[in-house]
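Heads up: the structure comes next, in structure tokens.
Basis for what follows: all heavy atoms, side chains included, without hydrogens, waters or symmetry-related copies.
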Amino acid sequence: MGKENEKVVVLDFWASPYAMRTNIALREKGVEFETQHEDLWNKSELLLKSNPVHKKVPVLIHGGKPVSESLIQVQYIDETWTDAASFLPSDPQARANARFWADFAEKTISFEGGRKIWGNNKGEEQEKGKKEFLESLKVLEAELGDKYYFGGETFGYVDIALVPFYSWFYALEKCGDFSVEAECPKIVAWGKRCVERDSVAASLPESEKVYQQVLKLRQIFGVE
């Protein structure tokens, strides 16, 4: 049995945008996989053993061997299941450019970037978080331009890296009292196009469900 045919398991939490990346990548490649949902306040022994450094989801377990960190997982999936189209372009400079933008999204539009909005009450800190978040989105929107996807006509690495956070936009808007679409209409239109893909639609939760989860997190962290 070839390596690509070995059992695949994803340790995830349904609201984790990082786990969504891994699920989208696997579905884009047509890989069958099992999902083990984690309670992040009572983590399984398998999660703690599989990702002993960060102890976080997602973990991709392929043939009994774990791979940690979602962007690394997406690259691993791309390099392992090569029968389907690659997530990255063939040109080395274009590949480097795609990795740059995925890294930019990771550092600016990530969970921690959003937390500056939902994790604060209305006031100076939340306003600062909104400003930083929208400024970063506008940089990404400029890179997207009039392209259908970030890679042009091809759904790829940058789209997979960024689109999970689209499912969090509504929650951030509700907590921060702003409109992403009013500020970044091309990003929202891109997000809607991505959700038309089966791989994305099957991996992203309903926005209202994410918002309810964020309300729970605000209670846990003492945000009124």
Checklist entry - Hey, does the side chain of Asp159 reach the backbone of Gly156 with a donor-acceptor pair shorter than 3.5 angstrom? => result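 Judged by distance alone, yes, a pair lies under 3.5 Å.
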Item to check | Pairs satisfying salt bridge (charged side-chain N to carboxylate O under 4.0 Å, His left out), at least one member in residues 191-200, at least two apart | outcome: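 Passing the test, one end in residues 191-200: Glu28-Arg197, Glu181-Lys192.
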Next on the checklist: Please list all pairs meeting salt bridge (charged side-chain N to carboxylate O under 4.0 Å, His left out) that have one or both residues in residues 67-83, counting only residues at least two apart or in different chains.
Outcome noted: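 Every pair satisfying salt bridge (charged side-chain N to carboxylate O under 4.0 Å, His left out) with a residue in residues 67-83: Lys29-Asp78.
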For residues 127-140, please give each side-chain donor-acceptor pair under 3.5 Å, one per line with the distance, not counting sequence neighbours.
from   : atom 1 : to     : atom 2 : distance (Å)
Glu127 : OE2    : Lys130 : NZ     : 2.9
Lys130 : NZ     : Gly176 : O      : 2.8
Lys131 : NZ     : Glu135 : OE2    : 2.7
Glu132 : OE1    : Lys116 : NZ     : 2.9
Ser136 : OG     : Glu132 : O      : 3.1
Lys138 : NZ     : Glu183 : OE1    : 3.0

Next on the checklist: Is the terminal nitrogen or CZ of Lys209 (NZ for Lys, CZ for Arg) located under 6.0 angstrom from the six-membered ring centre of Trp14 and within 45° of that ring's axis?
Outcome noted: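 Yes.
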Checklist entry - Distance under 6.0 Å and angle within 45° of the ring axis: does Arg95 meet both against Phe100? => result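 The answer is no; the distance or angle limit is not met.
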Checklist entry - What are the two closest heavy atoms between Ser44 and Gln36, and how far apart are they? => result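 Minimum heavy-atom contact is OG-NE2, 3.5 Å.
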Checklist entry - Can you list the residues that meet the ring-ring contact (aromatic ring centres under 6.0 Å, His included) rule with Phe178, with sequence neighbours excluded? => result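 For Phe178, no residue satisfies ring-ring contact (aromatic ring centres under 6.0 Å, His included) once neighbours in sequence are set aside.
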Checklist entry - Does Phe150 have any ring-ring contact (aromatic ring centres under 6.0 Å, His included) partners at least two apart in sequence or in another chain, and if so, which? => result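 Phe150 satisfies ring-ring contact (aromatic ring centres under 6.0 Å, His included) with Trp190 only.
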Next on the checklist: Within the supplied structure, the quantity of interest is the number of heavy atoms (other residues, nucleotides, ligands) at a distance under 6.0 Å from Lys107 NZ; does it exceed 12?
Outcome noted: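 It does not: Lys107 NZ has 12 such atoms or fewer within range.
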Checklist entry - So, Phe165 versus Trp168, ring centres under 6.0 angstrom or not? => result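 Not close enough - the centres of the two rings lie 6.0 Å or further apart.
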Item to check | Member of Arg21, Gln75, Arg99 meeting the side-chain hydrogen bond (donor to acceptor under 3.5 Å, both in side chains) criterion with Tyr157 | outcome: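 Testing each of Arg21, Gln75, Arg99 against Tyr157, the sole residue satisfying side-chain hydrogen bond (donor to acceptor under 3.5 Å, both in side chains) is Gln75.
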Checklist entry - With Lys43, which residues qualify under salt bridge (charged side-chain N to carboxylate O under 4.0 Å, His left out), at least two apart? => result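 Checked Lys43 against salt bridge (charged side-chain N to carboxylate O under 4.0 Å, His left out); zero matches.
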